[in-house]
**Student:** 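The structure's right below; bear with me while I get my questions together.
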There are 2 protein chains.
Amino acid sequence: MMLRTMADSARFIDGYLLYLLARASSVASAEFHEEVRRRGFNVSNWRVLAALKGSGGQTVGELAAVCLVNQPAMSKTVERLVRQGLVERRADVGDRRRVNVNLTGEGERTVDELISAAKAHQERLIEAIGPRETETLVAALHRVIERSGEG
Amino acid sequence: MMLRTMADSARFIDGYLLYLLARASSVASAEFHEEVRRRGFNVSNWRVLAALKGSGGQTVGELAAVCLVNQPAMSKTVERLVRQGLVERRADVGDRRRVNVNLTGEGERTVDELISAAKAHQERLIEAIGPRETETLVAALHRVIERSGEG
DNA sequence: TGTTATTATATGAAAAGGCATATTTTTATA
DNA sequence: TATAAAAATATGCCTTTTCATATAATAACA
């Protein structure tokens with residue numbers, strides 16, 4: 001079954017749900033991601049810092065899962081953030097294979113600014129989409145996640 | 001305003017719409033993207049081939065926009081696909097700055113197989129999400145795209 | 001029409017990511 | 001409790017992307 005709510009089109013992708021999801025994510029994020037870069041960070045760094053905020057620390061593996069990248073990539077991103085002084089690594093006490101990653105003081109200050117900008121952007125975005133429609137969207141996205149093998 | 005439909009959480013990202021969008025896209029795509037790789041392609045190649053199918057040819061710039069990557073990356077992806085014999089490049093007749101990209105016969109056969117697998121996967125995904133909920137989702141995603149500066 | 005701006009694509013160097021695998025530590029089992 | 005298996009992270013190599021910029025062609029304009 002092709003999506004009945006989409007106009008028929010010669011182009012396959014115009015009726016392809018995974019493309020629509022990727023496009024919506026990309027388009028919605030583009031503006032803020034530019035702001036992240038203007039502030040001197042790349043999106044990977046931003047995601048790690050954002051994931052750490054309020055988490056009480058995460059392991060490399062947890063960060064990889066949360067940030068939607070593979071583990072070796074996360075090891076390298078964390079290494080870069082350590083060199084920038086934004087996070088610190090510490091071997092887990094109970095299981096020394098694990099490496100706990102936490103925000104440093106500077107990392108905390110940095111992410112607070114970024115999060116503040118992200119929240120401001122999100123307010124504008126929700127206003128543009130419409131608050132009611134946003135709630136519908138959020139529910140639908142949770143359902144996708146839940147039913148796609150991550151529930 | 002934070003999203004009211006999400007439980008309050010210490011972690012910023014749990015209430016962050018752009019993260020939810022990225023996560024839904026990633027989770028929903030993961031399974032099929034693995035199949036693409038098993039078939040010997042990477043996601044970038046798949047996206048270009050899928051974008052070309054039924055398009056009547058696209059320029060490098062158009063492909064970059066459609067495939068959500070920047071132009072130099074697309075020039076290089078196209079170059080690789082040319083070397084693999086899946087697409088062909090031709091300078092545009094009316095504007096010789098433009099480079100038109102088309103599927104070759106082999107590219108057509110290849111993408112037909114991939115699209116067939118994508119459609120089968122999509123059927124299963126829609127079944128898992130629920131057809132009615134999928135329609136709601138599709139409408140919401142179109143709205144996001146439309147209201148995020150791409151309308 | 002000659003000159004300047006703009007647009008489309010390509011290229012080169014550096015950064016980041018992906019994949020296989022090594023290393024270290026913990027868990028399971030004989 | 002040795003030993004084997006599993007788990008978490010790191011590392012090396014190679015591919016891909018990114019960023020800045022070069023090149024080529026068209027458009028604008030004086």
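Values below: every heavy atom of this structure, side chains too, minus hydrogens, waters and symmetry copies. Given the structure is predicted, the values throughout are model-derived calculations rather than measurements. In what follows, every chain begins at residue 1, and chains take the letters A, B, ... in the order their sequences are listed.
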**Student:** Using the closest heavy atom to pick a nucleotide of DNA chain C for each, name whichever of A/R80 or A/R96 lands nearer the 5' end.
**Tutor:** A/R80

**Student:** Whole angstroms only, please: what is the CH2-P distance between A/W46 and C/dA16?
**Tutor:** 18 Å

**Student:** At under 4.0 Å, does any side-chain N or O of B/T59 touch on OP1 or OP2 of C/dA8?
**Tutor:** no

**Student:** Measure the distance from CZ on B/R90 to P on C/dT9 and round it to the nearest whole Å.
**Tutor:** 15 Å

**Student:** Do the side chain of A/R97 and the base of D/dA7 come within less than 3.5 angstrom through a donor-acceptor pair of N or O atoms?
**Tutor:** yes

**Student:** Is there a donor-acceptor pair closer than 3.5 Å between any side-chain N or O of B/S148 and the backbone N or O of A/V27?
**Tutor:** no

**Student:** Please give, in whole Å, the distance from D/dC19 P to A/E34 CD?
**Tutor:** 10 Å

**Student:** Between the base of D/dA10 and the side chain of A/E79, is there any donor-acceptor pair under 3.5 Å?
**Tutor:** no

**Student:** Students often get this wrong, so: under 4.0 angstrom with heavy atoms, is B/N42 touching a base, only sugar-phosphate, or nothing?
**Tutor:** sugar-phosphate

**Student:** Taking the minimum atom-to-atom distance to the side chain of A/Q71, which one of C/dG17, D/dC19, D/dA10 wins?
**Tutor:** D/dA10

**Student:** If we ignore hydrogens and angles and just use 3.5 Å, is the side chain of B/T110 paired with the main-chain N or O of B/E106 as donor and acceptor?
**Tutor:** yes

**Student:** When you measure only distances, ignoring hydrogens and angles, does the side chain of B/K76 come within 3.5 Å of the base of C/dT9 through a donor and an acceptor?
**Tutor:** no

**Student:** Could you say whether A/A73 or B/R89 is positioned toward the 5' end of DNA chain C, judged by the nucleotide with the nearest heavy atom to each?
**Tutor:** B/R89

**Student:** Hey, does the side chain of B/E135 reach the backbone of B/R132 with a donor-acceptor pair shorter than 3.5 angstrom?
**Tutor:** no

**Student:** Looking only at side-chain atoms of A/T77, point me to the closest of C/dG17, D/dT17, D/dT18.
**Tutor:** C/dG17

**Student:** Can you confirm whether B/L137 sits close enough to A/L17 that some side-chain heavy atom of one is under 4.5 Å from a side-chain heavy atom of the other?
**Tutor:** yes

